[in-house]
Each structure stands twice: as C-alpha cells, then as structure tokens.
Amino acid sequence: MSQPFDLLVEPGRMDPLDLGDSAAMEFASTPEEVGRSTKWSALASELTTNMHEVIGHASGKVEERLNGNPQAAIKEQFSALEEARADLVALYFLPDPKLVEIGLISKADQHEIVLAEYESYTRNALVQLRRVREGTQIEEDHMRNRQMIVGWLMGNTKAIDVRVRDGKTYYVMTDPAAFREGVGRLLAEVQRIKAEGDYTGAKQLFEKYGVHFDPKLRDEVVARVDRLHLPSYTGFVMPKLEAIPEKTEAGSSRIDTPRGIVDVKITYPQDLTAQMLEFSAATRSLRQ
Ligand SMILES: [Zn+2]
C-alpha cells in the first residue's frame, strides 16, 4: 500500500525471469526443467505476479507505534524488504489448493506449475547477475530481494543445490516441499522485521544474502548470456485501462467510488515513450 503505483513500476516482475527458451536451455540443469519452463513459466509468472501485487503488498499488519510508516524505521532497506515480502507471499501460496478451488489452474497441473516457478525463481538468482557488469554489489531493490530469497534458501534449507558441469554453474531446485517450507519461515521473519520496524534485522538479512556476489560467477554468467545474445533488460508497453463510469440520471458521470465503474476499456497504445511520459506525469506529485 505504501507504493500506490507498484503495478506500473514493477520492473522486476516485468522482466521475464526466463528470457524465453534459450536462457532456460542454458541455465536449467535438465531437459525436464527446460520443458517445464517452456510449458508453464508464462502462466506461473502471471499467477505469482498477481499474488505479489494483490495478496503480497496489500497484506500484513505493522505495530501501532510505527504509525503505519515502517519505511521511516527501515529506511534504505525498506523497498527490497517489501518486495521480498510480496514475492514470498506469492511463492508460498502458489501450491495452495485455493488456486484450484477458484478455477485458476487445474489440480492436475498445479505441481508442475509450482516446480516451473520455483525452478525459474532459483535460476534467476544466477541469470540476473548479467545485469551487474561492474562491481560486486546489487543495487536494484527487486534484484536484491530475489538474490536474498534464493541465498537465504541456499543457506537455510536443502531445497537448492549448486552444481558445476563443464565449467558451468547451475542453481538447481531439488525439493519443492523444502523450498516452500523455507519460504514460509523466511516470510515470517521478513514480516516480523517490517511489523517491528527492525532496521538492523533488515540490514543484516540483505548484507548477508542480497547485496554481495562473487565476481567470478558473474563473469561466467555474462559470458554465457553474451554467447546467446540475451538482452539484460526488456521493456514493455502495457495495455491502457480506462474506467467506464456509470451514467447517473442527470447524464453526468461519477467515478469517485468503485460502485461508479461499470466497465473497463482496454486499449494497446504500442508506444513506450508516450506511456512512460504519461506514467511520469501521473506520479509527479509523489516525487516532489
Ligand atoms: Zn512489488
């Protein structure tokens, strides 16, 4: 809730974790993992993105003494911590029977979808190092969050193996139950840190698992993605959503309450520059 335009400015989740089949083929450790990625990663990513935004960012209570403003206590660590919390909610609930119950996915497919997401999330901690070509620190908050989660799971569960084959490093998700159990444990700790405004706790978590990386590993990843000509960043033009207001009897319309919206019109502007300038104008007051 502290980031009202999160849906507009979610660069992390807008970046496809897999970059398509060629990245999965390079960084997945088995043909089965590549197959699951090809078949399910788009759907798995949509499901987790939506849960990240809706039941992730929108959930959780903080102590009253923080006056609804844990940012003030957690300072520069807050944004990455909050992104981690939202990702952890999504990862935790992806295997939940509720998704089948409300008809989002079939029971027969759920296990494969969970595997595809946990595997691609794990691989991404390796693949995303391609973006940090200088230095040995991650700066961007979504990237820190993902590095932290995978690093923490490696350090505190048996869910992920690091394997080296023909000089290539693979992060292999080997145990989805252990992965989920670890995600639940880490979510409890991340929520505690936010709720208590525990700055030291947040800083230690990210310093240990989210910020620093081995430059030799980064160099290996960069060489692998460069051979494949994979982009480091991808841009998206998003559909434009316009609220269609309910017409009142006098013919005037009102959209000031949710009840006043009767439909939403979707258009596809296909112009990145115009869209970015529009978002910039819409959020200007937040930056002043
Ligand atoms: Zn977010």
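Remember, it's 1-based here, ligands and their atoms both numbered in the order they're listed. Note that the structure is a prediction, hence the values are computed from the model and not measured.
For Y209, the side chain to side chain donor-acceptor pair (under 3.5 Å) test picks out N156, with sequence neighbours left out.
Metal site remark for the Zn ion (ligand 1): H142 contributes no N, O or S atom at a distance under 2.8 Å. Distances from the Zn ion (ligand 1) show that E83 has an N/O/S atom below 2.8 Å.
A cation-pi arrangement is not found for K98 relative to F93, the charged atom failing to lie both closer than 6.0 Å to the ring centre and inside a 45° cone about the ring normal.
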Can I get a per-line list of side-chain donor-acceptor pairs under 3.5 Å for residues 28-35, giving both atom names and the distance, sequence neighbours left out?
{"from": "T30", "atom 1": "OG1", "to": "E33", "atom 2": "N", "distance (Å)": "3.1"}
{"from": "E33", "atom 1": "OE1", "to": "S29", "atom 2": "N", "distance (Å)": "3.4"}
{"from": "E33", "atom 1": "OE2", "to": "R123", "atom 2": "NH1", "distance (Å)": "2.6"}

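H52 has its closest N, O or S atom to the Zn ion (ligand 1) at the position named NE2.
The CZ atom of R85 sits 14.0 Å away from atom CZ of R192, with the distance rounded to the nearest 0.5 Å.
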